[in-house]
2 protein chains.
Amino acid sequence: MRTVIFLLMSALAACIPMAFADGPAPSHGIEYPAGWQDWAAISVAHRTDNDTVRLIVGNDVAVKAARAGQTNPWPDGAVLGKVVWKAASLDAWSEAKVPSDLVHAEFMFKDSKKYAQTYGWGWGRWLGMEQKPFDKGPEVCTSCHTPVQDRDWVFTHPAVFPKD
Amino acid sequence: MRTVIFLLMSALAACIPMAFADGPAPSHGIEYPAGWQDWAAISVAHRTDNDTVRLIVGNDVAVKAARAGQTNPWPDGAVLGKVVWKAASLDAWSEAKVPSDLVHAEFMFKDSKKYAQTYGWGWGRWLGMEQKPFDKGPEVCTSCHTPVQDRDWVFTHPAVFPKD
């Protein structure tokens with residue numbers, strides 16, 4: 001009996017970390033980039049054609065490359081994230097267009113060998129506040145990015161930031 | 001002679017750290033918030049009236065408060081930064097308005113006691129890529145922020161971010 005209780009408790013203990021690590025499922029087979037909400041910014045944008053505002057962030061490798069101007073090509077290990085919200089007018093300043101509902105967060109993962117078939121990048125997107133994985137194929141992403149294939153497939157020019 | 005050389009070298013050594021720590025001078029008596037370039041984002045904006053795009057960042061205290069919805073009042077220790085660039089059209093997608101030249105980076109420093117005279121916030125601004133301190137008085141800042149005095153003097157509504 002004691003052995004049975006021990007085995008049950010061991011099994012339970014093994015499950016707990018998995019339960020707590022239960023983030024969004026992969027998109028195009030790529031794991032969700034946990035913690036991106038605290039990554040530093042690389043740029044911002046307002047797409048007036050579909051009235052969305054955007055925050056472009058990067059992991060440490062990407063931010064370091066952006067600040068150093070080494071982005072063509074971006075280095076392996078760089079991850080770029082674009083967070084997209086529907087735009088709305090700020091209540092206290094109507095000419096300011098600011099985020100309202102979240103549309104999606106989408107990411108490019110640079111690994112020139114692993115993702116050689118998709119131009120050196122893995123392409124992932126997670127939809128809405130529940131971050132539901134997009135899984136219609138990376139060609140949906142790459143077809144739209146074709147105009148910037150000579151810029152290593154990245155639309156964003158990193159914004160200029162002053163040094164301290 | 002040996003004593004003189006020793007004293008000269010000691011004096012020189014004491015000066016070196018100051019020379020390397022020579023960041024932007026204070027604005028309204030407030031020290032430059034070193035390292036803000038790597039702070040997490042709280043929101044973004046496009047002010048269509050003066051065609052500037054903006055990134056709103058926060059220090060750890062501010063980001064934690066923003067994510068928890070505890071922003072009226074913001075907690076003491078919170079620092080909010082707004083980075084302002086002239087807007088330009090992205091070359092590869094003309095309907096996207098993106099950063100060009102840096103206008104300024106401006107900051108609000110919450111300390112309800114220290115800055116009681118200016119509504120609980122210290123107000124600082126640094127201009128251009130050289131981050132030249134603005135020093136025309138915090139009333140220039142507070143007069144513009146008066147419409148949001150019931151929101152603890154902050155225009156920005158933190159954007160919604162999904163949890164992992």
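Naming convention: chains lettered A, B, ... in sequence-line order (proteins, then strands); numbering from 1 in each chain.
The hydrophobic clustering, which links ILVMFWY residues whose side-chain heavy atoms are closer than 4.5 Å, places Val83(A) and Met108(A) apart. A continuous path of hydrophobic side-chain contacts links Trp85(B) to Phe107(B) [ILVMFWY only; heavy atoms under 4.5 Å]. Follow the hydrophobic side-chain contacts under 4.5 Å out from Ile42(A) and you reach Trp121(A) in the same cluster. Val53(A) and Val98(B) end up in different hydrophobic clusters when Ile, Leu, Val, Met, Phe, Trp and Tyr side chains are linked at under 4.5 Å. Following chains of ILVMFWY side-chain contacts shorter than 4.5 Å, one can reach Trp74(B) starting from Trp123(B), so the two form part of one hydrophobic cluster.
Gln37(A) places a side-chain N or O within 3.5 Å of a backbone atom of Pro162(B) that can act as its donor or acceptor partner.
For chain A, the nearby part of Asp91(B) is the side chain; its heavy atoms alone come within less than 4.5 Å. The contact between Ser100(B) and chain A is made entirely by backbone atoms, counting heavy-atom distances below 4.5 Å. Contacts of Phe161(B) with chain A are made by both backbone and side-chain atoms, with heavy-atom separations under 4.5 Å. Interface remark: Val44(B) contributes backbone and side-chain atoms alike to the contact with chain A (heavy atom separation under 4.5 Å). Residue contact with chain A, scored on non-hydrogen atoms closer than 4.5 Å, involves the backbone and the side chain of Val160(B) alike. The contact between Leu55(B) and chain A is made by backbone and side chain atoms together, counting heavy-atom distances below 4.5 Å.
A salt bridge links Arg67(B) to Asp38(A): at least one charged side-chain nitrogen sits closer than 4.0 Å to a carboxylate oxygen.
Asp49(B) places a side-chain heavy atom less than 4.5 Å from the side chain of Trp93(A). Using a 4.5 Å heavy-atom threshold, the side chains of Leu90(A) and His157(B) count as touching.
Per-residue counts of heavy-atom pairs under 4.5 Å with chain B were compared for Arg54(A), Gln131(A), Glu95(A); the largest is that of Glu95(A). The most heavy-atom pairs under 4.5 Å with chain B, out of Trp36(A), Trp39(A), Trp126(A), come from Trp36(A).
Within 6.0 Å of atom CD in Glu130(B), more than 12 heavy atoms from other residues, nucleotides or ligands are found, so the atom counts as buried in its surroundings. The number of heavy atoms from other shown groups lying within 6.0 Å of NZ (Lys114(A)) does not exceed 12. For CG of Asp135(B), the number of neighbouring non-hydrogen atoms (other residues, nucleotides, ligands) closer than 6.0 Å is greater than 12.
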